[in-house]
Amino acid sequence: MPTKLGQNFLINEDIAKRIVESANIKGDNVLEIGPGEGVLTKYLAEKAGKVLAVEIDESLAASLEKEFNNIFTCHPRENGDPENPLDSRWSLSSCNGGGNDKNEVNIIEGNILKINLPKLIEENNFQNYKVVANLPYYITSKIIRLLLETKYPPSEMILMVQKEVGERICAPSGKESILSISVKLYAEPEILFFVPRENFDPAPEVDSAVIRITRKKNLPKADASEFFSLVRAGFSAKRKMLINNLSSGFHIPKAELWEWMKKAGLEPTQRAQELEVEDWIRMYNILKKSST
């Protein structure tokens, strides 16, 4: 297993079945990220209408191709930006594909953070889909953000992540973080169950959690860049009160901020971790209105 890619293979078949069952797949299209040796893929194939499995490792993708007979190798077009996953020069039109049309599992050899995901979705008529994945720990937050903010977001994600990260994403009221707010702006997260480290090869140093992230039907009207600038400013110094952090971050007098916070139903002594996503949205709307 290529540990340099941060992958830990799930080896417990019963847990793999439980993850797939948690996704409640009834002919849905499924995007799998990091299929590895295919322990989840084979169970997804039994229930999904179609599976797109994106694997960055060439040798693993080749092994999966032998099992499922469909592989597409994605490479950048000339001058494509490998750091920009939405660069239009990364697309399936620059992929080599082939295989058995009767096979409902397509293996995509490529990096999910570099492939043009909207193009991949469009060319496979995959606009309505779910995500099931055992995510590499070191890029978990980047992948989740990509899936939440992409042009065609999944309706639901069933993800295996580091236990601590799963708990942060699904934090209860009073223990919020930038990560939890960034997810809860778009979706409702919940922890489904925990997976001890001995169920992986190689065994990681920490346990894992399987979480569900369900897309909200009605999203707040907020500019993501501006909204998260507010959130980051609020969390800039964890031990300080929110009013102090926002005053320093935006160079706004505390007296003025206090008036805006009262309109948002907030107290001057509150700290950023005590605010739920609805509180941030109210504060954002008040600050936005005040600046126009």
Shortest non-hydrogen contact between Tyr284 and Asp223, atoms and distance: OH-N, 3.0 Å
Rounded distance (nearest 0.5 Å) linking atom CG of Leu64 with atom OG of Ser59: 9.5 Å
Check: Ile33 and Leu135 side chains under 4.5 Å, non-hydrogen atoms: yes
Lys163 to Phe194, cation-pi by 6.0 Å centre distance and 45° axis angle: yes
Nearest heavy-atom neighbours spanning Ile25 and Leu44: CD1-CD2, 3.4 Å
Common cluster, Leu185/Leu219, ILVMFWY with side-chain heavy-atom separation under 4.5 Å: yes
Minimum heavy-atom distance between Val30 and Ala48, given as atom pair plus value: CG2-CB, 3.9 Å
OG on Ser229 to CG on Leu287, rounded to 0.5 Å: 11.5 Å
Beyond-backbone contact of Ile169 with Ser180, side-chain heavy atoms, under 4.5 angstrom: no
Met241 vs Asn244, side-chain contact (heavy atoms from CB on, under 4.5 Å): CA-CA, chis, key distance, verdict: CA-CA 5 Å; Met241 290 183 292; Asn244 292 332; 3.7 Å; yes
Distance, nearest 0.5 Å, that separates CD1 of Ile112 from CG of Leu117: 5.0 Å
Heavy-atom closest pair, residues Ile243 and Pro268: CG2-O, 3.6 Å
Distance-only donor-acceptor check, side chains Thr214 and Glu188, under 3.5 Å: no
Distance-only polar pair, side chains of Asn29 and Lys130, donor-acceptor under 3.5 Å: no
Flag side-chain contact, heavy atom, 4.5 Å: Leu230 against Leu246: yes
Check: Asn199 side chain, Pro196 main-chain N or O, donor-acceptor pair, under 3.5 Å: yes
Pro136 backbone acceptor or donor facing Asn8 side chain under 3.5 Å: no
Arg282 atom CZ, neighbour heavy-atom count above 12 within 6.0 Å: yes
Distance-minimising heavy-atom pair for Gly234 and Leu242: CA-CD1, 3.6 Å
Backbone of Arg271 reached by a side-chain donor or acceptor of Glu274 within 3.5 Å: yes
Verdict with reasoning, Thr140 to Gln162, per side-chain contact (heavy atoms from CB on, under 4.5 Å): CA-CA 9 Å; Thr140 292; Gln162 184 177 340; over 6 Å; no
Lys/Arg N to Asp/Glu carboxylate O, Glu276 vs Lys184, below 4.0 Å: no
Crowding at NZ, Lys42 (>12 non-hydrogen neighbours, <6.0 Å): yes
Any donor-acceptor pair under 3.5 Å from Arg212 side chain to Glu190 backbone: no
Lys216 atom NZ, over 12 foreign heavy atoms within 6.0 Å: yes
Minimum side-chain heavy-atom gap Lys175-Gln273 below 4.5 Å: no
Ring pair (Phe, Tyr, Trp, His ring centres under 6.0 Å) partners of residues 149-172, not counting sequence neighbours, each pair once: none
Backbone N/O of Arg197 and side chain of Asp207: donor-acceptor pair under 3.5 Å: yes
Side chain to side chain donor-acceptor pair (under 3.5 Å) between Tyr43 and Glu13, intermediate numbers included: CA-CA 10 Å; Tyr43 295 116; Glu13 298 276 338; 2.4 Å; yes
Distance, nearest 0.5 Å, that separates CD1 of Ile211 from CG of Leu192: 8.5 Å
Close side-chain approach of Glu32 to Leu40, heavy-atom, < 4.5 Å: yes
With Tyr129 via ring-ring contact (aromatic ring centres under 6.0 Å, His included) - residues at least two apart: Phe126
Flag, side chain of Asp28 to backbone of Lys26, donor-acceptor distance under 3.5 Å: yes
From CA spacing to verdict: side-chain contact (heavy atoms from CB on, under 4.5 Å), Lys114, Ile56: CA-CA 10 Å; Lys114 295 180 180 180; Ile56 190 174; over 6 Å; no
Hphob cluster co-occupancy, Ile11 + Val206, side-chain heavy atoms under 4.5 angstrom: no
Minimum side-chain heavy-atom gap Pro154-Leu31 below 4.5 Å: no
Sidechain-backbone polar pair: Arg215 side chain, Ser155 backbone, donor-acceptor under 3.5 Å: no
Flag, side chain of Ser248 to backbone of Asn245, donor-acceptor distance under 3.5 Å: no
Joint hydrophobic cluster, Phe193 plus Phe200, side-chain heavy atoms closer than 4.5 Å: yes
Sequence neighbours excluded and cut-off under 3.5 Å, please list the side-chain donor-acceptor pairs for residues 255-262, or say none.
from: Glu259; atom 1: OE2; to: Lys262; atom 2: NZ; distance (Å): 3.3
from: Trp260; atom 1: NE1; to: Ser290; atom 2: OG; distance (Å): 3.2

Heavy-atom check, side chain of Ile144 versus side chain of Tyr186, under 4.5 Å: no
N/O donor-acceptor pair under 3.5 Å between Ser247 side chain and Pro253 backbone: no
Spatial distance of atom CG (Asp57) from atom CG (Asn111) [nearest 0.5 Å]: 11.5 Å
Least distance between heavy atoms, Val54 atom then Pro35 atom: O-CD, 3.1 Å
Approximate separation, where rounding is to 0.5 Å, of Ile15 CD1 and Asn134 CG: 10.5 Å
Side chain to side chain, Glu176 and Leu275, heavy atoms closer than 4.5 Å: no
Pair Ile158-Glu156, side-chain contact (heavy atoms from CB on, under 4.5 Å): steps then yes or no: CA-CA 7 Å; Ile158 303 295; Glu156 184 177 89; 4.1 Å; yes
Backbone N/O of Pro153 and side chain of Thr150: donor-acceptor pair under 3.5 Å: no
